Enquirer: 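What follows is a single structure, and I will ask about it in a moment.
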Amino acid sequence: MTPLEEIRHSCSHVLAAAVLRLFPEAKLDIGPPTDTGFYYDLDLDHRFTAEDLVQLEAEMRRVAEENQPFLRKEVSREEAVEIIRSRGQERYKLGRLADISEAEKISFYQNGEFIDLCAGTHVRYSSKLKAFKLLSIAGAYHRGDERNKQLQRIYGTAFATKEELAQHLHQLEQARLRDHRKLGRDLKLFHIDEEVGQGLILWTPNGAVIRQELQTFISEELRKQGYAQVFTPHIGKLELYKTSGHFPYYKDAQFAPVLESDALARVAGENCPCSEVFARLEAVSGQLREQINARTGRETITADRVRPDADLLDGFMLKPMNCPHHIKIFASQPHSYRDLPVRLAEFGTVYRWEQSGELNGMTRVRGFTQDDAHLFCTEEQVAAEVLGCLSLVRTVLSTLGMADYRVRVGLRDPDSNKYTGEAANWDKAEEACRAAARSLGVPFTEEPGEAAFYGPKIDFVVRDVIGREWQLGTVQVDYNLPIRFDLSYIGPDNQPHRPVMIHRAPFGSMERFCGLLIEHFAGDFPLWLAPEQVRILPISEKTIEPARALLARLRAEGLRATLDEHSDKLGAKIRRAEIDKVPYALVLGQKEAEAGGVSVRSRARGDEGVLATDACVGRLRAEVTSRALPDRRKAAPSPA
C-alpha cells in the first residue's frame with residue numbers, strides 16, 4: 001500500500017475499534033481504504049445517526065492519542081477461527097477467512113484491544129493518524145449482493161496533514177453545492193420520474209435549451225470538418241449485434257432482446273423455459289458463423305453457439321451502440337477511394353442496462369444520447385483523421401473553459417482474450433493512437449486493458465473547477481468491425497480494399513456532459529448556454545409598456561428574454577433573478593426609459609450601471625455569438 005492508503009486503512013481499523021467501544025454488540029465485515037478515504041461495513045440493530053458519527057469520531061481521536069502500535073500476527077487457519085470466535089465476530093469474519101486461499105498467509109492486525117483479520121499494511125502507531133473525518137452513513141449489501149442482508153456502511157476520509165484534509169472537505173462542500181441533481185431540480189433542467197423509469201432523463205424546457213445549444217455548437221464544427229448528418233432508429237435486429245459482436249458478449253450491459261410477436265407466441269405454445277429462450281436468442285446460424293469466421297480468418301464464433309435455423313429466435317434490441325447502424329449506411333452504396341473519408345455523424349440515443357444502485361442523476365443513466373460519429377477512411381488517412389477528431393474535442397473543451405485535462409491512451413491487455421481482430425491490425429491502430437496523443441503536446445498515459453473490444457482509444461480526462469476528474473471525449477481506431485461487416489471500397493488499383501473505421505464522441509453523452517456542465521459552472525452558465533439569458537425588471541407599472549417593447553426587441557434579436565411583471569419591489573425582483581441564475585437583469589425605470597437606456601446587472605460583475613439600449617443589445621448579441629465565458633472582473637463604476 002502507499003503511505004496514504006496505509007493511513008486510510010489504519011483509520012478504518014480505528015473506526016471499528018471505536019464502534020466496538022461504543023456499540024460492543026456490533027458485528028464487523030470489512031473496512032478497506034478507497035481512492036478518497038475509507039469505510040467499514042457493520043451489522044447492528046441500532047441505526048447510526050449523524051450524532052453517532054460525532055461520538056465515533058471523538059472516540060477515534062482518543063484511540064489515536066493512545067499511540068497504539070499496529071502489530072501484525074500470522075496464524076494458522078485453526079488459530080484464526082479461534083480468534084474470530086473468541087471475539088464473537090464469526091457472522092461475517094469466518095466467511096472472509098474462507099476467501100483466503102490455502103497458499104496465502106493468514107494474518108491479523110492488533111491495535112490496543114482491537115484485533116481484525118487483515119493482510120495489511122498499516123501505519124506503525126495510531127498517533128500517526130492526525131487528519132481524519134467521518135462523513136456519512138449508507139446501506140450496503142453484504143458482498144454487494146442484494147440477496148444478502150443490508151449492512152450499515154460508515155464512510156470517512158483521511159490525509160497525511162490537516163491542511164490536505166481541510167482542502168478535501170472544502171472540495172466536498174463545493175461538490176455538494178454544485179450537485180447537478182439539486183441544481184437540476186432548482187433550475188428546472190431535468191426530471192426523473194419513477195413511472196417513466198429510473199435512469200431515463202426527461203429534458204424539461206430549460207434543460208432542452210442547453211442540450212440544443214450544445215448540439216448546434218457541435219453541428220457547426222462538424223460542418224466545418226465535412227461531416228454528414230444521419231438519423232437511425234432506436235432499435236435494431238438482433239443479428240445486427242451478433243454480427244458486430246456486441247451481443248451476447250455484452251448482454252449484461254444491455255436491455256433484454258425484444259421477441260417478435262409470432263416468435264413469442266410460438267415459444268409460449270411450446271412451454272419453452274426462459275433459459276431455453278435466451279439460449280436460442282444467443283445462438284447463431286451456421287451461415288453467420290461461417291461468414292464471420294471466414295472474414296476474420298479465425299474461429300471468432302465457436303461451433304457450440306450454432307443451432308439449426310428452425311431453433312433460432314429472432315428479435316430486436318434497444319440500440320446499445322450507434323456504430324452498426326452507421327456501418328449499414330456506409331455499406332448501402334459502393335465507394336471509391338476518391339470518396340473517402342466518409343464522415344457520418346448523429347445525435348443518436350442508445351440504451352444500456354445499469355444496476356439501480358449505480359444510477360446517478362444525469363451522469364449514470366440507462367438511456368443517453370451520444371454526439372456520435374463514425375469515419376470510414378483508408379489506412380493512409382487514419383493519422384490525419386484521428387488528429388481531426390482530437391482537434392474537435394479540444395475545440396469543445398476550450399470553448400467551455402476546460403483547460404485542465406490529460407489524455408489517456410487505452411491499449412489491449414496482453415493477458416486478455418476479450419479483443420477481436422488480428423494482432424498486426426491492433427499494433428497499427430495502437431501506434432496511430434500513440435502518435436496522435438504525442439502530437440497534442442499535453443501529458444498522456446498508456447493504460448493497458450482500457451481499449452474497447454474492437455480497437456484502442458484515446459480518452460480526454462478533464463479536471464473540473466473543484467479538482468474532480470471526468471472522462472469525456474473519446475476517439476477509437478477500429479480495424480475489426482469493417483472486417484466483421486465485410487466493408488470495402490474500390491482502390492486506385494480498381495480492386496476492393498478494407499476501410500479503417502474511427503469512432504468519436506467529443507461530449508461522450510449529452511446527459512453526462514450536461515451533468516458535468518451544471519456542476520462545473522454551478523448553474524451559472526455562459527450567456528450562450530443559459531436557458532434564460534436576460535430578465536427585464538421594470539421598477540413600476542409606469543415602465544411596463546417600455547419593458548414589453550424591450551422584451552419584443554430582445555426576442556427579435558434571438559435572445560432568450562423574459563419580463564418580471566410581478567408587483568414586488570425591485571429588490572425582490574433582483575433577488576429572484578439571482579436565485580434563478582439569470583446572467584443579465586436589465587432594470588428599467590422611468591429615467592432609463594426616457595433616456596433610451598437600461599441599468600445592467602450581470603451575474604458575473606454585479607451592477608454595471610446604465611447602458612444605452614442599442615449598446616446593451618449589441619453587447620449581449622456579441623457575447624452569445626462568440627460563445628464567450630463570463631468576464632468576472634469587477635465592473636467599473638458607472639459615470640455620475
Side-chain angles (χ1 to χ4, degrees), residues 187-189 205-210 212-214 216-217 220 398-401 517 521-640:
L187 300 176
K188 301 178 178 65
L189 300 176
N206 284 354
V209 168
I210 298 173
Q212 186 60 59
E213 288 293 341
L214 290 170
T216 299
F217 165 46
E220 290 174 4
S398 63
T399 300
L400 292 164
L517 286 184
F521 291 118
D524 274 318
F525 297 105
L527 187 63
W528 68 278
L529 275 179
E532 182 183 356
Q533 295 170 322
V534 184
R535 185 176 295 178
I536 304 168
L537 310 180
I539 289 179
S540 68
E541 287 288 332
K542 295 178 181 179
T543 54
I544 286 289
E545 287 308 317
R548 288 173 179 165
L550 177 58
L551 176 66
R553 178 174 179 184
L554 292 172
R555 287 178 172 174
E557 293 283 350
L559 293 164
R560 294 184 289 276
T562 63
L563 171 60
D564 187 342
E565 294 194 39
H566 291 88
S567 58
D568 311 33
K569 291 184 177 180
L570 178 61
K573 293 182 179 183
I574 291 172
R575 177 60 181 155
R576 192 155 50 237
E578 286 286 322
I579 291 172
D580 293 341
K581 298 182 184 289
V582 182
Y584 284 92
L586 304 184
V587 178
L588 191 62
Q590 191 69 32
K591 182 179 176 180
E592 289 86 2
E594 290 173 355
V598 289
S599 179
V600 178
R601 296 185 65 90
S602 69
R603 287 278 298 168
R605 304 175 69 190
D607 186 355
E608 299 192 36
V610 177
L611 199 61
T613 301
D614 289 346
C616 178
V617 172
R619 170 181 160 180
L620 295 174
R621 286 291 308 134
E623 191 173 330
V624 170
T625 303
S626 65
R627 295 192 173 95
L629 295 169
D631 181 356
R632 301 194 182 278
R633 291 173 297 179
K634 186 177 180 181
S638 58

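As a basis for the values below, the full set of heavy atoms in this structure was taken, side chains included, without hydrogen atoms, waters or symmetry mates. Just so you know, these numbers come straight off a predicted model, no measurement behind them.
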Enquirer: Is Trp528 close to Leu214 at the side-chain level, that is, under 4.5 Å between some pair of heavy atoms?
Expert: yes

Enquirer: Has Gln533 got a side-chain atom pairing as donor or acceptor with Arg560's backbone, closer than 3.5 angstrom?
Expert: yes

Enquirer: Got Pro630 and Leu527 here, is their nearest side-chain heavy-atom distance under 4.5 Å?
Expert: no

Enquirer: Would you name the heavy atoms of Ser602 and Tyr584 that are closest together and state the gap between them?
Expert: CB-CE2, 3.6 Å

Enquirer: Would you say Lys573's side chain and His566's backbone share a donor-acceptor pair under 3.5 angstrom?
Expert: yes

Enquirer: Could you tell me whether the side chains of Ser599 and Glu592 share a donor-acceptor contact shorter than 3.5 Å?
Expert: no

Enquirer: Is there side-chain contact between Arg535 and Asp580, with at least one heavy-atom pair below 4.5 Å?
Expert: yes

Enquirer: Flag the pair Arg576 / Asp568 as yes when at least one side-chain heavy-atom distance between them is below 4.5 Å, and no otherwise.
Expert: yes

Enquirer: For residues 545-559, run the donor-acceptor check on the side chains, cut-off 3.5 Å, and write out each pair with its distance to 0.1 Å, sequence neighbours left out.
Expert:
residue : atom : partner : partner atom : Å
Glu545  : OE2  : Arg548  : NH1          : 2.6
Arg548  : NE   : Glu565  : OE2          : 3.4
Arg548  : NH2  : Glu565  : OE1          : 2.8
Arg553  : NH1  : Asp614  : OD1          : 2.7
Arg553  : NH2  : Asp614  : OD1          : 2.8
Arg555  : NE   : Ala561  : O            : 3.1
Arg555  : NH2  : Ala561  : O            : 3.0

Enquirer: May I ask you to test the Arg603-Val582 pair for a side-chain heavy-atom distance under 4.5 Å?
Expert: no

Enquirer: Does atom CZ of Arg627 have more than 12 heavy-atom neighbours, drawn from other residues, nucleotides or ligands, at distances under 6.0 Å?
Expert: yes

Enquirer: Taking C-beta and beyond as the side chain, do Leu586 and Val600 meet within less than 4.5 Å on heavy atoms?
Expert: yes

